[in-house]
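Atom set for the values below is all heavy atoms of this structure, side chains included, hydrogens, waters and symmetry mates excluded. Per chain, numbering begins at 1; letters A, B, ... match sequence-line order.
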2 protein chains.
Amino acid sequence: MNASEGVRERRPPLTRARVLEDAVALADRDGLDAVSMRALADRLGVVPMALYKHVRDKEALLDGMIETVLAEIPPPGEPGPDWKTAARARVLDARRALQRHPWAWRVLETRAAPSPAMLDHMESMLRILRAGGVSAHLAHHAMHALGSRIWGFTQEVGASGPPPTEPAAVEAAMAAMAARWPAVLESAMSAGHDPDSAVGAGCDDDFEFAFALDLLLDGTERLHLLGWTPWHGVSAGPGR
Amino acid sequence: MNASEGVRERRPPLTRARVLEDAVALADRDGLDAVSMRALADRLGVVPMALYKHVRDKEALLDGMIETVLAEIPPPGEPGPDWKTAARARVLDARRALQRHPWAWRVLETRAAPSPAMLDHMESMLRILRAGGVSAHLAHHAMHALGSRIWGFTQEVGASGPPPTEPAAVEAAMAAMAARWPAVLESAMSAGHDPDSAVGAGCDDDFEFAFALDLLLDGTERLHLLGWTPWHGVSAGPGR
DNA sequence: CGCGCCGGGTGTACGGCGTACACCTTGGTT
DNA sequence: AACCAAGGTGTACGCCGTACACCCGGCGCG
């Protein structure tokens, strides 16, 4: 087009990072439904098919988008004995990140398998609990109960492919988890999980549900018996 | 085509109910993504556009589908003083219905405004709590905390249109609610809600979140201090 | 210096989607 | 007999994701 300038106007080359960031920005501005391969390509001044050199398909684009969002969660501090305060702060940190991108939780819920970033977050939460002395079992159930508070997913969407049955593959998967997500592995094992499928599959979902339900109901009853009111709460209760 | 038979082979006329039921069955069998207007029409032996005589558009079809699913929840019993047991049973009833249709919670989450069926369910839950003597405020927050346990949605998707500002419209909406969902109305009012937008909009979402979070955290701490284990639990704790 | 390779952007095309709009059929009412 | 409305049909449009062949420019190598 314009060949006059000695230096040719050439846009910076597409990168996976630029694609992902623009997709996030587009979703933030115009909503998740506005994120189509075509619209995103337009925004980047490129033809739709160019995107496929950087993301495998749309599903992978969504994966990358939540990866980008999750990266905004501040890194965890050193876990200490005051696990309750630490856990509270960490959940609120995660919430803040997701709140900046209202579309994110909806995407998160549809992810089949937990991504590394998700495992990282679970890992840090579990470490907080374990460092506070909470048993592996209780930590496991607490994580499930907190699940929807952390990201908004309730159900194990499960079925992340058939679990590898060859012992070698299983061992490799476990070794990989032990290296990076030991607390998640421990938690998974503590419930008789298939370790390679991470938290979720193999759990007694009904148990986890009832556990969380009773936690909430018992807590409500406790507040009720203590005469909780929104104006001054009650020393030991939530809602402070 | 075949005019030989005296009685002509004519399929029963389409009805809204048949459309909805077939859509649910299709989603159950082949997954939510398999429910397209075209596929559904095929299944009903009809041309796609015929469906539009019975549902306004696809969004309305999805509304109708969850309406159908919610209708499977058994009707509530008489609320009595043992609210905790009753609430537990009712939540589990709802869960059972949603569990039969794994796609349902995902649709539920994307509904903008609460449907009558949803309001009915909330109403019955709130009545259980109130009949047990729980204050309107506490009942309100408990409902929010239980939200994801009841159907799996966490966030108020909000924005169900601009609230009518004319006093006449507001009064009409309130009157309608007072007639059918008095407990929901009371709960909404108890938090300074815009009553016509039902539970949700106008709430301090951060407060509700923190309330539920602390309920779970405090409950976990309590179990931890009591030495809870999965094998025999602890008298007063969940997970029985 | 020429040449081939290859990573990344392009063009075209296909099948599927939701749905607007005009049309036709049919059974009941007047 | 004439009409009307309700409900099913046919066609078409503009989106979507993406397979596949192509092409271009910079780099390493003989």
Any idea which heavy atoms bring [X] and [Y] closest together, and the distance?
| X | Y | answer |
| --- | --- | --- |
| A:Arg180 | A:Pro116 | NH2-CB, 4.0 Å |
| A:Ala104 | A:Ile66 | O-CG2, 4.3 Å |
| A:Asp57 | A:Tyr52 | CA-CE2, 4.0 Å |
| B:Ala34 | B:Ala39 | O-CB, 3.5 Å |

Can you figure out which of D:dC16, D:dT9, C:dG18 approaches the side chain of A:Ser36 most closely?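 For A:Ser36, the side-chain atoms sit closest to D:dC16.
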
Where the side chain of B:Met49 is concerned, which of D:dT11, C:dG9, D:dA19 is the nearest nucleotide?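 The answer is D:dT11, which lies nearest to the side chain.
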
Could you tell me how far apart [X] ([atom1]) and [N] ([atom2]) are, to the nearest whole angstrom?
| X | N | atom1 | atom2 | value |
| --- | --- | --- | --- | --- |
| A:Asp57 | D:dC16 | CG | P | 17 Å |
| A:Leu14 | D:dG25 | CG | P | 18 Å |
| A:Met37 | D:dA19 | CE | P | 10 Å |
| A:Leu51 | C:dT10 | CG | C1' | 12 Å |
| A:Leu40 | D:dC15 | CG | P | 17 Å |

D:dA6 OP1/OP2 closer than 4.0 Å to side-chain N/O of B:His54: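 Result: no.
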
Can you pull out the residues from residues 58-69 of chain A that lie within a 4.0 Å heavy-atom distance of DNA chain D?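 Close to the strand are A:Lys58.
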
Please list residues of residues 26-35 of chain B whose heavy atoms come under 4.0 Å from any atom in DNA chain D, ordered by number; otherwise none.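 Under 4.0 Å from DNA chain D: no residue of residues 26-35 of chain B.
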
Is a donor from one side chain sitting under 3.5 angstrom from an acceptor on the other, for B:Asp28 and B:Trp103?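 A pair is found: one side chain offers a donor N or O, the other an acceptor, under 3.5 Å apart.
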
Would you say B:Glu186 and B:His140 are linked by a side-chain donor-acceptor pair, where the criterion is simply a distance under 3.5 Å?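 Judged by distance alone, the side chains do not pair up.
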
Is there, by distance only and without an angle test, a donor paired with an acceptor across the side chain of B:Arg38 and the base of C:dG16 below 3.5 Å?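 Check fails, no donor-acceptor contact within cut-off.
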
A:Tyr52 or B:Lys53: which one's nearest nucleotide on DNA chain D is closer to the 5' end?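 The residue whose closest nucleotide sits nearer the 5' end is B:Lys53.
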
Is any side-chain N of the basic residue among A:Glu67 and A:Arg16 closer than 4.0 Å to the acidic one's carboxylate O?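 A salt bridge links A:Glu67 with A:Arg16.
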
Salt bridge or not for B:Arg106 and A:Glu109, using N-O below 4.0 Å?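 Result for this pair is no, no salt bridge flagged.
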
Determine whether the aromatic ring centres of B:Phe207 and B:His141 lie less than 6.0 Å apart.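 Aromatic pair counts; centres sit under 6.0 Å.
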
